[in-house]
Amino acid sequence: MMDPDSGAKPPEGGASAVPRGEGKSSRRRKAKRNGKRRDAAPVTNSEAVDSAASAGRPHSQEPNPSARKRKRRRAKSAGAQQLVQGSNAAPAAQQIPVRPEGGQLPHSAKSSSRNRRKKNRGGRGLQGRPLTPAKAAPGVAKAPAPVGSGQVSSRDIRGRAGAESLGAEQRGEKFSYVNDLYAALDLGTNNCRLLIAQPTRPGQFRVVDAFSRIVRLGEGLGTSRRLSQDAMDRAVEALRICATKLANRPIRRMRLIATEACRAADNGEEFLARVIAETGLELEIIDRETEARLAVSGCSSLVGREARSVVLFDIGGGSSEIAVIRIDDSRSSRLANHITHWTSLPVGVVTLSERHGGRDVTPDVFSAMVTEVEGMLAGFDCPPLAAFRRQGAEDFHLIGTSGTVTTLAGVHLDLPRYDRRKVDGLWLSDAEVSAMQAKLLSWDFAGRAANPCIGPDRADLVLAGCAILEAIRRRWPSQRMRVADRGLREGLLTDMMADDGVWRRVRPRRQAGSQGAGGQDEAGARR
């Protein structure tokens with residue numbers, strides 16, 4: 001007997017297994033529930049067997065229909081579980097839904113499987129974004145937050161080109177500042193320097209903008225006791241540039257200082273009044289003690305934990321500051337608090353070279369300059385440091401912060417051009433310093449000017465600085481000296497930031513079961 005709807009011969013052994021009244025439309029509805037479409041391609045032999053089986057006709061070679069249902073339920077359950085777990089899903093063998101034999105995957109299972117394959121391809125999302133925040137390598141830039149946006153970030157802007165590294169927000173830390181900028185200006189006897197910086201980790205900051213120019217404000221000061229017109233014009237022109245830089249930045253706090261040239265000149269106050277009128281900048285003249293303390297504050301990070309005593313000197317253009325530091329077991333966070341003795345010599349590279357000549361310096365001229373500085377140091381009442389030194393321990397050293405010592409370091413490294421990153425913090429032995437001074441003394445003015453680390457602007461000043469350095473080394477012999485390419489500006493910035501409490505860390509409370517951000521700073525050291 002033939003089935004009037006399907007036209008297929010029933011299996012032998014009995015009546016048809018198809019219930020009465022079930023026609024083509026009923027089978028199509030069942031086929032649709034099993035993943036088939038009404039407009040599917042023509043049915044093949046294998047699909048006819050699957051269709052007959054799904055319609056309730058038993059087939060001797062087809063698995064049990066209940067087993068197929070269990071497979072489909074397991075596939076749907078695995079797909080739902082994968083969507084919930086995301087990237088922390090079960091192994092790959094449990095992620096792939098089981099395809100029913102001879103049929104298609106259910107629509108939900110097909111879409112979820114396709115999405116899972118895209119999301120888990122190399123751990124990346126649909127748009128190529130990492131599924132979880134990845135730790136960026138040091139120096140990798142990210143888009144800076146707008147100024148005043150209220151976001152806590154750690155910016156590293158080199159000049160006007162923005163470059164931002166991993167910030168406090170990615171380490172799960174917050175600081176008490178929001179995009180605060182600080183500025184420090186130092187108008188010295190020889191240079192005009194400006195630094196604009198932003199605080200980062202405790203005791204540190206990042207330079208946002210910098211400016212330095214040789215103005216020789218103290219030129220001729222030793223003989224006339226007055227600032228010359230040309231020298232003041234050069235200084236005012238440099239200060240105009242600094243005023244423009246400061247006006248283009250949202251500076252929270254700034255400090256602008258003038259040192260020995262304005263301090264010693266009879267017309268120093270008149271010059272500062274002109275600066276206010278022409279640039280709008282109001283500079284303060286600091287005393288010698290403040291200058292010595294600022295130099296120590298700027299170099300505090302270069303004093304090692306093993307040091308028990310340090311002599312820090314700053315060879316300027318018109319004066320030289322020297323601070324004797326003794327550190328006991330209770331070390332203060334501010335190194336300037338450990339200063340026991342200090343002095344300010346009324347001599348610098350500009351004044352000394354003008355008295356003895358800086359272009360043609362013979363060994364006899366150099367010896368005369370050293371003798372003059374030694375006579376000034378003889379009046380400095382400072383107890384010997386031997387009582388504070390441990391036997392056999394390298395707990396005493398010199399720190400030099402000036403153009404003289406940085407020049408010696410650049411010549412020692414034979415740099416094709418001066419590089420602060422290689423010079424700042426460099427250790428020089430006593431023999432290496434002596435060798436560099438002898439080399440510079442053997443060069444004539446043209447040879448010194450041709451060196452890329454000296455240049456024509458310093459060629460007539462560097463040997464006067466070496467004479468001051470030699471007198472200091474004879475007074476406090478040391479086996480090593482550390483070079484610091486930093487000074488008053490860094491000390492000003494450090495003091496202002498510390499006074500404002502910008503480095504007071506506020507750690508967010510960690511929720512139960514949360515992992516945090518690793519607890520590492522930018523250097524990779526665990527706190």
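All figures in this text were calculated on a predicted structure; none of them were measured in a lab.
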Hey, could you give me the [atom1]/[atom2] distance between [X] and [Y], rounded to the nearest 0.5 Å?
X	Y	atom1	atom2	value
Arg458	Ile214	CZ	CD1	4.5 Å
Phe396	Glu306	CZ	CD	13.0 Å
Tyr182	Asp495	OH	CG	12.0 Å
Ile339	Ile325	CD1	CD1	5.5 Å
Thr351	Glu260	OG1	CD	8.0 Å
Ile399	Asp314	CD1	CG	12.0 Å

Heavy-atom donor-acceptor pair, [X] side chain to [Y] backbone, under 3.5 Å:
X	Y	result
Asn248	Thr244	yes
Ser320	Val347	yes
Asp485	Val423	no
Ser224	Gly220	yes
Ser353	Val349	yes
Arg225	Ala264	yes

query: Under the side-chain contact (heavy atoms from CB on, under 4.5 Å) criterion, do Cys242 and Thr279 qualify, and how do the steps go?
result: CA-CA 9 Å; Cys242 295; Thr279 68; over 6 Å; no
Could you report the tightest heavy-atom contact between [X] and [Y], atom names first, then the distance?
X	Y	answer
Leu185	Leu283	CD2-CD2, 4.2 Å
Arg489	Ala184	O-CB, 3.6 Å
Val483	Val405	CG1-O, 3.9 Å
Trp503	Ala498	CZ3-N, 3.8 Å
Ala307	Val310	CB-CG2, 4.0 Å
Lys422	Leu426	O-CB, 4.1 Å

**Report entry** Pair listing, side chain to side chain donor-acceptor pair (under 3.5 Å) test, anchored in residues 435-449, at least two apart
**Finding:**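 As it turns out, the side chain to side chain donor-acceptor pair (under 3.5 Å) pairs with a partner in residues 435-449, which skip direct neighbours, are Gln437-Glu470.
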| Pairs touching residues 319-357 that satisfy ring pair (Phe, Tyr, Trp, His ring centres under 6.0 Å), sequence neighbours left out |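 Residue pairs with at least one partner in residues 319-357: there are none.
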Within the structure provided, determine whether [X] and [Y] are in side-chain contact (heavy-atom separation under 4.5 Å).
X	Y	answer
Ser309	Ile327	no
Arg355	Glu372	yes
Phe205	Val502	no
Leu469	Val433	yes
Leu227	Asp266	no
Arg475	Cys382	yes
Glu321	Glu289	no
Val311	Ile322	yes

List the atom pairs, with distances to 0.1 Å, where a side-chain N or O of residues 291-304 and a protein N or O form a donor-acceptor pair under 3.5 Å, not counting sequence neighbours.
| residue | atom | partner | partner atom | Å |
| --- | --- | --- | --- | --- |
| Glu291 | OE1 | Arg263 | NH1 | 3.1 |
| Glu291 | OE1 | Arg263 | NH2 | 3.0 |
| Arg293 | NH1 | Ala336 | O | 3.4 |
| Ser297 | OG | Arg293 | O | 3.1 |
| Ser300 | OG | Ser297 | O | 3.2 |
| Ser301 | OG | Arg486 | NH1 | 2.8 |

Requested in this report: Would you kindly check if the NZ (Lys) or CZ (Arg) of Arg359 is within the cone defined by 45 degrees around the ring axis of Phe445 and under 6.0 Å from the six-membered ring centre?
Outcome: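 Yes, Arg359 sits over the ring of Phe445.
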Worksheet entry | From CA spacing to verdict: side-chain contact (heavy atoms from CB on, under 4.5 Å), Leu239, Val215 | CA-CA 10 Å; Leu239 291 171; Val215 296; over 6 Å; no
**Request:** Take His397 and Gln479 through the side-chain contact (heavy atoms from CB on, under 4.5 Å) test and state the conclusion after the steps.
**Result:** CA-CA 7 Å; His397 63 85; Gln479 294 300 315; over 6 Å; no
Decide side-chain contact (heavy atoms from CB on, under 4.5 Å) for Ile454 and Leu440; before the verdict, give the C-alpha distance in whole Å, the side-chain angles of both, and the deciding distance to 0.1 Å. CA-CA 10 Å; Ile454 302 176; Leu440 293 179; 3.6 Å; yes
> Do Asn451 and Tyr418 meet the criterion of a side-chain donor-acceptor pair at a distance under 3.5 Å?
Replying inline: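 Checked: Asn451/Tyr418 side chains show no N/O donor-acceptor pair below 3.5 Å.
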Exercise for review: Using only heavy-atom distances, determine whether the side chains of Ser434 and Glu432 contain a donor-acceptor pair under 3.5 Å.
Suggested key: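 The answer is no; no qualifying pair exists.
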Other residues, nucleotides and ligands only: do more than 12 of their heavy atoms fall within 6.0 Å of CD on Glu284?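 Atom CD in Glu284 is packed in, count exceeds 12.
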Run the side-chain donor-acceptor check on residues 270-277: report pairs under 3.5 Å with partners two or more places apart or on a different chain.
| residue | atom | partner | partner atom | Å |
| --- | --- | --- | --- | --- |
| Arg274 | NE | Glu278 | OE2 | 2.8 |
| Arg274 | NH1 | Asp233 | OD1 | 3.1 |
| Arg274 | NH2 | Asp233 | OD1 | 2.7 |

Salt bridge or not between [X] and [Y]? Use side-chain N to carboxylate O under 4.0 Å.
X	Y	value
Arg308	Asp395	no
Asp500	Arg253	yes
Glu374	Arg474	yes
Lys245	Asp209	yes

Name the atoms and distances for all side-chain donor-acceptor pairs under 3.5 Å in residues 186-197, with sequence neighbours left out.
| residue | atom | partner | partner atom | Å |
| --- | --- | --- | --- | --- |
| Thr189 | OG1 | Ala261 | N | 3.4 |
| Thr189 | OG1 | Gly318 | N | 3.2 |

For Asp287, give me all partners under salt bridge (Lys or Arg N to Asp or Glu O under 4.0 Å), at least two apart in sequence or on another chain.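 Salt bridge (Lys or Arg N to Asp or Glu O under 4.0 Å) check on Asp287 returns nothing, list empty.
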Might you work through the salt bridge (charged side-chain N to carboxylate O under 4.0 Å, His left out) test for Glu237 and Arg240, ending with a clear yes or no? CA-CA 5 Å; Glu237 182 61 29; Arg240 283 197 184 100; 3.2 Å; yes
_Working for salt bridge (charged side-chain N to carboxylate O under 4.0 Å, His left out), residues Asp430 and Arg473_ = CA-CA 9 Å; Asp430 185 67; Arg473 294 173 61 216; 2.6 Å; yes
- How far apart are the C-alpha atoms of Asp460 and Arg216, what are their side-chain angles, what is the distance that settles it, and do they pass the salt bridge (charged side-chain N to carboxylate O under 4.0 Å, His left out) test? CA-CA 12 Å; Asp460 60 336; Arg216 295 201 180 213; 3.0 Å; yes
